[in-house]
Amino acid sequence: MKIALIAHDMKKEDIIQFVTAYKDVFEQHELFATGTTGKRIMEEVSLPVHRFHSGPLGGDQEIGAMIARGEMDMVLFFRDPLTSQPHEPDVSALIRLSDVYEIPLATNMGTAEVLIQGLKHGYMDWLKLRQKQGEINDKQK
Ligand SMILES: O=C(CO)COP(=O)(O)O
């Protein structure tokens with residue numbers, strides 16, 4: 001499963017704690033992140049992460065492009081709702097694309113917890129079926 005991890009600055013500490021707490025789950029999946037979030041996860045949790053640009057420099061859009069290509073399975077985005085972001089349109093675009101392609105998206109730790117528990121207990125297996133169906137459709141094109 002390909003999982004995107006993103007956190008605004010005020011939520012970086014939270015995402016580090018979250019990924020540390022569920023390291024046993026995350027280490028079984030392929031992780032992607034915006035620049036600074038990914039750097040901190042690699043350094044502080046010692047997990048491999050594919051890093052994109054920092055969010056304000058286009059990282060959210062790069063993750064959005066993966067979603068549009070059907071290459072991302074889950075997005076955990078710890079947003080800061082109390083600070084205005086210069087790249088708010090990019091943030092909205094990423095959330096919109098998650099809805100367009102029906103990708104499970106958490107925008108806070110509470111929902112992220114439910115998604116990761118679901119992943120751990122196999123409730124996300126329908127995603128694999130969808131991937132298989134996508135592969136079949138691609139072959140038929
Ligand atoms: O701004 C972000 C998401 O919108 C996060 O970017 P960084 O992980 O580079 O701080």
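We count ligands from 1, going down the list as the structure has it; atoms in each ligand are counted the same way.
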Over 60° means perpendicular and under 30° means parallel, so classify the ring planes of His8 and His87, tilted if in between. perpendicular

Check the angle between the aromatic planes of Phe32 and His50 and answer parallel, tilted or perpendicular using the 30° and 60° thresholds. parallel

Can you list everything that forms a side chain to side chain contact (heavy atoms under 4.5 Å, CB included) with His29? Sequence neighbours excluded, please. Met1, Ile3, Val25, Leu119

Is it the case that the side chains of Glu113 and Tyr22 hold a donor-acceptor pair, with the cut-off being a distance below 3.5 Å and no angle test? yes

Keeping Arg51 on the side-chain end and Ala33 on the backbone end, is there a donor-acceptor pair under 3.5 Å? no

So, does Lys12 use its side chain to make a donor-acceptor pair with the main chain of Ala7 at under 3.5 Å? yes

Got the residues with a heavy atom under 4.0 Å of ligand 1, by chain and number? Ile6, Ala7, His8, Asp9, Lys12, Thr34, Gly35, Thr36, Thr37, Ser54, Gly55, Pro56, Asp60, Phe77, His87, Val91

